[in-house]
Participant: 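I have a structure here, written as structure tokens, and I will follow up with some questions on it.
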Amino acid sequence: MVVQNSADAGDVRAGVQLEPFLHQVGGHMSVMKYDEHTVCKPLISREQRFYESLPLAMKQFTPQYKGTITVHLWKDSTGHLSLVANPVKESQEPFKVSTESAAMAIWQTLQQTTGSSGSACALAQWPHAQLARSPKESPAKALLRSETHLNAPASSLVEDTNGNQVERKSFNPWGLHCHQAHLTRLCSEYPENKRHRFLLLENVVSQYTHPCVLDLKMGTRQHGDDASEEKKARHMRKCAQSTSACLGVRICGMQVYQTDKKYFLCKDKYYGRKLSVEGFRQALYQFLHNGSHLRRELLEPILQQLRALLSVIRSQSSYRFYSSSLLIIYDGQEPPERAPGSPHPQEAPQAAHGSSPSGLTKVDVRMIDFAHTTYKGSWNEHTTYDGPDPGYIFGLENLIRILHDIQEGE
């Protein structure tokens, strides 16, 4: 869906209020929920060009690209900030905040704790997070750097805009963490009526009841060709001090639904950077463990998709996927036991993506974040490469090997 013909920034009657995306587990750029099947993120030209010229073989391993929208900041009468996207055409219906949305109820509750009516850019007072920062560090960077307590309860009560108590599902605070930092930067660096362009992308977890998500930073190099010397040195240091150097892959974040306690166990990028090779293996095991047992049925479909992706990457000459991530997704809600006389999984209708002809459990493997991807023929590139991406291939091979060892019980 491509949304055009923006309405006046001061007139919110025709706006779609973007919600924080509660299943974002990694990265520093805020991902927002546009509708049930669509998310959006700030537009970076290089990433947009990648999606628009995507090789056919890679489409099954990336989110569907749905176009762009224009977004602006909006402050309500109480001083709460949100982002509003302009719709296809103006609606005469008054703009309202949805009180049905758990994401909006949670976000507004967090804003209320900041006393944001006194300051539009107030930072959320995250539990267990101290936002001490150096004089040269921006509030947004300090917020992203701070480590939060990432075990969210399965359900608790928050108040909606009318003061009614509504139940919220378990959520990963990282997306709200990024969203608050993004709003802080926007309102401190740009005028309120500034228009921002966002990419619209498929919400790859929308089909899952309790989406378990692993975000892996792939490759042995994370800096783009356009990085400054300071940024280059910083990224090289992160790689050298983590499993990126020895495995070509490191954990950037994850959430795993724990069926016994009915909440998501969440880990962030700071956790991932500290892992040894053995710690990385144990984290993969934990990602596949629901609190009571290992979901062994997930290993074969994940390995099948990773091997298929490896074959595709090997065929992409000149591509370098610097700083991109790989998502592995499955449902923490286990399928019900098959009733006597019901069709065998092989005979059952197949799900749209991630299912296999053999009736394996549904999983998704998707590449994301292409702001630093380079390839022959991409616009304004001063450096070109020959052959497939060796760092990405190295990471995929090691990931496949470790998961295979887990499958074999080693």
Side-chain angles (χ1 to χ4, degrees), residues 1-3 21 24 26-32 34 38-71 85 140-141 144 178 181-182 185-186 189-190 194-202 204 215-236 238-239 244 252 269 309 312-313 315-327 366-393 395:
M1 175 176 60
V2 180
V3 182
F21 182 55
Q24 179 179 357
H28 65 276
M29 189 171 286
S30 179
V31 177
M32 306 292 292
Y34 181 78
T38 312
V39 297
C40 58
K41 61 185 290 192
L43 185 151
I44 295 174
S45 297
R46 188 191 295 252
E47 184 166 36
Q48 181 185 15
R49 289 192 297 271
F50 171 82
Y51 277 113
E52 289 177 343
S53 62
L54 187 66
L56 184 62
M58 292 186 64
K59 287 196 173 183
Q60 65 174 309
F61 294 110
T62 55
Q64 180 190 355
Y65 172 61
K66 299 187 177 186
T68 68
I69 50 170
T70 300
V71 171
K141 283 189 177 179
L144 282 173
C178 295
H182 187 220
R185 185 175 65 82
L186 290 182
E189 297 179 11
Y190 299 98
K194 167 75 175 175
R195 304 298 177 86
H196 305 273
R197 300 295 290 173
F198 275 49
L199 290 177
L200 285 169
L201 298 168
E202 173 191 2
V204 295
D215 185 328
L216 298 167
K217 188 72 75 174
M218 300 300 296
T220 52
R221 168 181 160 177
Q222 300 304 325
H223 61 277
D225 291 329
D226 56 346
S228 65
E229 288 302 315
E230 184 274 333
K231 188 173 184 180
K232 179 179 176 181
R234 188 171 71 250
H235 281 287
M236 289 176 70
K238 288 177 186 175
C239 286
S244 292
C252 197
K269 64 181 181 181
L309 174 60
V312 169
I313 297 297
S315 69
Q316 302 307 315
S317 181
S318 86
Y319 277 82
R320 295 296 181 270
F321 302 100
Y322 298 138
S323 199
S324 71
S325 284
L326 184 67
L327 299 182
R366 303 289 186 103
M367 299 173 70
I368 60 168
D369 298 342
F370 303 104
H372 301 287
T373 293
T374 179
Y375 49 96
K376 199 170 185 178
S378 55
W379 181 78
N380 202 25
E381 294 301 328
H382 301 293
T383 307
T384 56
Y385 300 90
D386 293 323
D389 188 334
Y392 203 107
I393 289 172

Participant: Give me the atom names and distance for the closest heavy-atom approach of R46 to A371.
Facilitator: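 Here R46 and A371 meet closest at CD-O, 2.8 Å.
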Participant: Are Y51 and P63 packed together at the side-chain level, in the sense that at least one heavy-atom pair is separated by less than 4.5 angstrom?
Facilitator: yes
Participant: Taking K217 for the side chain and S323 for the main chain, is one N or O donor matched with an acceptor at less than 3.5 Å?
Facilitator: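 Answer holds: yes.
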Participant: Measure the SG-CG distance between C252 and L216 for me, rounded to the nearest 0.5 Å.
Facilitator: 8.5 Å
Participant: To the closest 0.5 Å, what do you measure between CE (M367) and CD1 (I313)?
Facilitator: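 Nearest 0.5 Å value for the CE-CD1 distance: 4.0 Å.
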Participant: Using the side-chain contact (heavy atoms from CB on, under 4.5 Å) rule, take Q24 and D215 through it: C-alpha gap first, then chi angles, then the decisive distance, then the call.
Facilitator: CA-CA 9 Å; Q24 179 179 357; D215 185 328; over 6 Å; no
Participant: Can you find a side-chain donor-acceptor pair between T70 and R197 that sits under 3.5 Å?
Facilitator: yes
Participant: What distance separates F50 CZ from M58 CE, expressed to the nearest 0.5 Å?
Facilitator: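 Between atom CZ of F50 and atom CE of M58 there are 4.0 Å.
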Participant: Give me the atom names and distance for the closest heavy-atom approach of E202 to V39.
Facilitator: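 Heavy atoms only, the tightest pair is O-CG2, 3.9 Å.
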Participant: Give a yes or no answer on whether the side chain of R366 reaches the backbone of T62 with a donor-acceptor pair at less than 3.5 Å.
Facilitator: yes
Participant: What residues, two or more places apart in sequence or in another chain, satisfy ring-ring contact (aromatic ring centres under 6.0 Å, His included) together with Y392?
Facilitator: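 Expected list: F321.
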Participant: Below 4.5 Å, heavy atoms only, C-beta onward: do M32 and V71 meet side chain to side chain?
Facilitator: no
Participant: So, for C178 and G27, which heavy atoms are closest and what is the spacing to 0.1 Å?
Facilitator: SG-O, 3.4 Å
Participant: Is the closest side-chain heavy-atom distance between L201 and Y65 below 4.5 Å?
Facilitator: yes
Participant: State, with a plain yes or no, whether a side-chain heavy atom of Y34 is found less than 4.5 Å away from one of L200.
Facilitator: yes
Participant: Compare all side-chain heavy atoms of V204 with those of I368 and state whether any distance is below 4.5 angstrom.
Facilitator: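 No. Closest side-chain heavy atoms not under 4.5 Å.
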Participant: Let's go through D389 and Q316 carefully: what are the C-alpha distance in whole Å and the side-chain angles of both, what is the deciding distance for side-chain contact (heavy atoms from CB on, under 4.5 Å) to 0.1 Å, and is it a yes or a no?
Facilitator: CA-CA 8 Å; D389 188 334; Q316 302 307 315; over 6 Å; no
Participant: Indicate the ring-plane relationship of Y190 and H196, choosing parallel, tilted or perpendicular according to the 30° and 60° boundaries.
Facilitator: perpendicular
Participant: For a 4.5 angstrom cut-off between non-hydrogen side-chain atoms, does R49 reach F370?
Facilitator: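 They are not in contact (no side-chain heavy atoms under 4.5 Å apart), so the answer is no.
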Participant: Using salt bridge (Lys or Arg N to Asp or Glu O under 4.0 Å) as the criterion, list what pairs up with K41, not counting sequence neighbours.
Facilitator: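 Salt bridge (Lys or Arg N to Asp or Glu O under 4.0 Å) check on K41 returns E47, D369.
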Participant: Side chains of Y375 and P55: does their closest heavy-atom pair fall under 4.5 Å?
Facilitator: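 Not touching, per the 4.5 Å side-chain cut-off.
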Participant: Look up atom CZ in F21 and atom OG1 in T38, then write down how far apart they are to the nearest 0.5 Å.
Facilitator: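 So the gap between those two atoms works out to 11.0 Å.
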Participant: Could you give the distance from NE2 (H182) to OG (S30), rounded to the nearest 0.5 Å?
Facilitator: 6.0 Å
Participant: How long is the span from the OG atom in S324 to the OH atom in Y319, to the nearest 0.5 Å?
Facilitator: 12.5 Å
